[in-house]
Asks: 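Quick one: the structure is below, questions incoming.
Given the structure is predicted, the values throughout are model-derived calculations rather than measurements. Order of the sequence lines fixes the chain letters, A, B, ..., with proteins taken first and strands second; residue numbering starts at 1 for each chain.
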Amino acid sequence: MATLVKMPAIVADADSAFLAAWLKSVGQTVAIGEPLAEIETEKATVEMEADTAGVVARLLVSPGIDVEVGTPIAVIAAESDDDAAIDALLAAAGAVPEPALAGAPSPGESDPWPQAPSNPADRAPAAPRVFSSPLARRLARELEVDLAVLVGTGPSGRILRQDVEAAAACSTPVAEPPAPEQPATEPDALAEGTERIELTRMRQVIARRLTESKTTVPHFYLTVDVRMDELLGLRKQINAGAPRKITVNDLVVRAMALALSEVPEANSTWDGDAIIRHRHADISVAIATETGLLTPIARRVESTSISKLSATIADYAQRAHAGKIRPEELAGGTFTVSNLGMFGTKEFSAILNPPQAGILAVGAAEPRPVVNDGELSVATVMTCTLSADHRVIDGAVAARLMRVFKERIEHPLSILL
Amino acid sequence: MPEAHPLTPNVDWVELTTTAADWDAADPGLLRTMLVQMQVIRSFEEAVLELAGAGLVHGPAHSSIGQEGGAVGSAIDMRPGDGVNGTHRGHHQFLAKAMSYLARGNGGRMDPGKPVSPELQKLLQRTLAEILGLEQGFSRGRGGSMHLQWLEAGALGTNAIVGGGVPLAAGNAWAQRHTDAGAGSSDLTATYFGDGATNIGSSLETMNLAAAWKLPLLFFIENNLYAVSTHVADVTGESRLSGRGPGFGIRSWRVDGMDPLAVYLATEQAAEHMRAGHGPALIEAQVYRFFHQNGPFPGSAFGYRSKAEEKAWRERDPILRVAEELLRRGLMDGEAISAMTTVIDAACAEAVAALTEQDPESAKERRRIRPELWPDPSFVDVGIRGDGSELASARTAEAETFVGELAERRFIDAVADVMGARMDADESIVVLGEDVHRLKGGTNGATRGLVDAHPDRVLGTPIAENAFTGLAGGMAMDGRYKPVIEFMYADFMWVAADQLFNQIGKSRHMFGDQGTMPVVLRSKVAMGTGYGSQHSMDPAGVFATQPGWRIVAPSTPFDYVGAMNTALALNDPVIIIEHVDLYSSTGVSPVSDFDHHLELGKAAVRREGSELTVLTYLAMVAPALAAAEESQLDTEVIDLRWLDRASIDWDTIGTSIKKTNNVLIVEQGARGTSYGDWLSDEIQRRYFDYLDSPIQRVTGAESSPSISKVLERAAFTGREEINAALATAATNLGR
């Protein structure tokens, strides 16, 4: 019997939620608990899991839009359901599917989202059904083996555990991380003095994405020391008498945006089979909150005045702590700036936020001994480390980016122009 | 020309009527108490009907208005240790027994000047709460109107299956007779039922059984002439229902149920007969329900009886009758009667007010149940069975770790040995079944030697599975004796299905987890013996669908001994499934120490393997093990042993499936009633992501096994079918 999937109220009192992406396409089977869609709320992006097992029969809304809570968004059908049964269900629910989305895609129609061009990675071409055992599917997920390219040795070509394991063994020269095990210790078996904290959805998403990033993206790192005295002096002048204070971070963000404009190869993101180069520098600003890290995006920073940028970032910081960041403020972004200088951290290197290809880790500005024309003196110095995705950015490009960035910081007037 | 010699029953069958002299001689306290009790019932029932009319009684409200005289006249002088049960129309019997229990400190007498004690007020509120399905009811709202039970007062529980409670009452009476017989004045049990239930097997089988075993059981027939709308004369050739008794050798009385004194006097005579050990008695009380089967309308509104008939019966209202006699004898005046009724009505109104309130959301000033009084929905499955804590101190053992002496023994001898040991040690164990006391241990030797050692506790029964199964259930509810029933063939469970599943299986839960049901049922599977379609089933699959029952199917003599000990120690109904093929098999078994227990919920891995898990039980364990030796796959064989939903060993099963990723369920019997249905469903639910191939099943054919040897073999499974399934499992893995 077919089941209507409705937009859940992920956050209490939320009237709507942002459907970021479908993780299943029409015709794919879905098991209970398997992620069906990514839904962004004001607080986080969460995976919506299927409550029913079956075949995805209809996807009723396209990704990239805000959907009212309770609106039917998909139909999961049993094998016995025909189109008539599904239509009857939809009619009973009063759900009118978007015409372009109704029904399964025809074989020639490879893109079910003609009006949703934002994220080509989510496109799911209609593929012939691959027979595979439940265990094989789970192992394929864990070992990152693509079932579509395997030949099954079971009845009717069903892919079995042995097929997935064989494929994994010959395709991964690097040792795979061990499959995540169930926690070895049950809550009641915890050692004294320890406490088990269940993962929030947000923490799960952070864990998944960062693990994916750190284990699949080839990171490399470049570190530069930048002299800060001029910038700090300029900031003091600006802030004298200004109603609201410009922060060092505001200046760093803008300096990086300008550097990205100057080195456009670096303002790029990874798209699997292509690199997307961006005209504008949309900078994700990392903000630590009690529940986890949020990265709202300051758009077109290269053409935003420092005062407006400062106001934007201040507003984000305030709303992030209040849990009021809107989903669309989290979507997109070409580069991230993460600043731990206010904690006194001297330097650190950050994990990339895919599909972005660069993230700048900013340490504390502090007095350090420096050499000027062979003379030892004291200057205010800040260490910044760029983490870059080597698939997108080569070492020289990254080095150019950091050189321009350093110049901008050390000749700060250009940041204000 | 043959001669005809008139025959007469061996027992008396009389109609008892009262005279004016009887009324004059009646104890004033008795008559006053009758009036109080009948008015309490009447006012209570009127309150229930009012609530039903307001839509606050979920389900039926079977009113007893008009029938108070039968219940009060018979129960008024019952002892606290006497028991009563009844049918769906049982409020009056329940209240009558409960009131006589509450008045036990006062010789069973109540004062019309102070008719409502605090205890009675509480009784009314709790009874009403139960009828409304509320937490503070006797069964925490589970039972409702049709399942009223207060064990402390001897109210054993009313029953919604017509005749269903009659065998249970016999079990209570059996326990009473065997506990109190020495004093020459045993407690007794009254089972109330209507004209409708006089035609059903449970009642008639129990009449026979109670008479055969001289049980102090009163069959109290409330003949109100109508089974719902069907007149008694339409459905029986002998509508003088007390005529049912003499054919079974039961002394029988017919009385006017609208005359409570006549009922009282007949019961007095019957009780004397029963308490003295002369066997059961039967009283037919002719009564009339003033309303329809249920709800607040008279029967005439539904067209099956006339207003004139109803008027004639109403004029013979038992309350009016007693009131008139009290007035005539000057024992009460009209004012006192009126004052008494006012107090009782107020008490019922107080009970209603405690449970209901004005609905704040209703514009029409409707009432509603006070929301905080509903049971918590999480209570839904509580008490289906016990938690097994009664086994806390039980010594468990496996053959490999057993410290006592072991020897190779026949399975059937282990069956008899452990029962002998238990009966020697525990005088409460009673064995009952067909031929269990003869043939040197029944048809298979399973009860060998028991009757010689314990002649009073090994009972050969009539061929009446519903009656003796229900009798065992009643015995178990009482708790003084622990019954072990034998079904000669498992198929006979259908004959006893009401008692097994509606009564024994549901009782503990239905009555709100207030009592236990320690019944042990031994039943054998006889596939392969040529006994045909009706003697060859495996009952595991059907029992697995029935909540309450635990199922154990031991495959070795050692496990059988432990399984019987665990079953006897449990407070839940347990079926021990046996198999004729196993009876003659041998295996290690204790020689003198028969006291170990089979751990509840523990399966046994009989063979370890890494590629396929075979789940099986009973007589299929051995062929599955043999087949596994020849399988292409490295096969693990698990002997499930415990089969019911609550006792199955998911730890062992799950560990194995996560290791092998492939499952084959092997059983012998027919597909339709097969056990593996629910098991495979549950496995795919729990272990979907661990399965590398579809769950495979080996079962018999769709048909039941026939007599013809060839067709019989084709209908069940053995080595060949298991081999074939193992080959399929290998193919599924690309081998």
Asks: Locate the shortest heavy-atom distance separating A:Ser133 from B:Ser693; write the atom from each residue and the value.
Replies: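 For A:Ser133 versus B:Ser693, the nearest heavy atoms are CB-N, 4.4 Å.
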
Asks: Please indicate whether B:Lys659 has more than 12 foreign heavy atoms, meaning atoms of other residues, nucleotides or ligands, lying under 6.0 Å from its NZ.
Replies: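 It does: B:Lys659 NZ has more than 12 such atoms within range.
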
Asks: B:Asp692 and A:Ala136: which non-hydrogen atoms are nearest, and at how many Å?
Replies: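 Taking every non-hydrogen atom into account, OD1-N, 4.2 Å.
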
Asks: Shortest non-hydrogen contact from B:Phe688 to A:Ala31?
Replies: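 Heavy-atom minimum between the residues: CE2-CB, 4.4 Å.
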
Asks: Which residues pass the side-chain hydrogen bond (donor to acceptor under 3.5 Å, both in side chains) test with A:Asp146, not counting sequence neighbours?
Replies: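 So A:Asp146 forms no side-chain hydrogen bond (donor to acceptor under 3.5 Å, both in side chains) with any residue.
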
Asks: With sequence neighbours excluded, tell me which residues meet salt bridge (charged side-chain N to carboxylate O under 4.0 Å, His left out) with B:Arg606.
Replies: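 Here the qualifying residues are B:Asp559, B:Asp639.
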
Asks: List the atom of B:Leu733, the atom of A:Gln162, and the distance in Å for their closest heavy-atom pair.
Replies: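 Closest approach of B:Leu733 to A:Gln162, heavy atoms only: O-NE2, 3.2 Å.
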
Asks: Tell me, with the steps shown, if B:Arg735 and A:Thr153 meet side chain to side chain contact (heavy atoms under 4.5 Å, CB included).
Replies: CA-CA 9 Å; B:Arg735 307 294 171 83; A:Thr153 56; over 6 Å; no

Asks: For residues A:Arg158 and B:Pro694, report the shortest heavy-atom separation together with the two atoms involved.
Replies: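 Result for this residue pair: NH1-CD, 3.2 Å.
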
Asks: With a sphere of 6.0 Å drawn around CD of B:Glu720, does it hold more than 12 non-hydrogen atoms of other residues, nucleotides or ligands?
Replies: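 Yes, enclosed.
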
Asks: Test A:Leu135 against B:Leu691 for side chain to side chain contact (heavy atoms under 4.5 Å, CB included), laying out the working first.
Replies: CA-CA 5 Å; A:Leu135 174 62; B:Leu691 294 175; 5.6 Å; no

Asks: Under 4.5 Å heavy-atom distance to chain B, tell me which part of A:Arg137 shows up: side chain, backbone, both or neither.
Replies: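 Contact with chain B is through the side chain of A:Arg137 alone.
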
Asks: Could you tell me whether A:Glu68 atom CD has more than 12 heavy atoms of other residues or ligands within 6.0 Å of it?
Replies: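 Atom CD in A:Glu68 is not packed in, count stays at 12 or less.
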
Asks: Got a sec: does the CD of B:Glu629 have more than 12 other heavy atoms crowding it under 6.0 Å?
Replies: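 Buried by this count: over 12 neighbours within 6.0 Å.
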
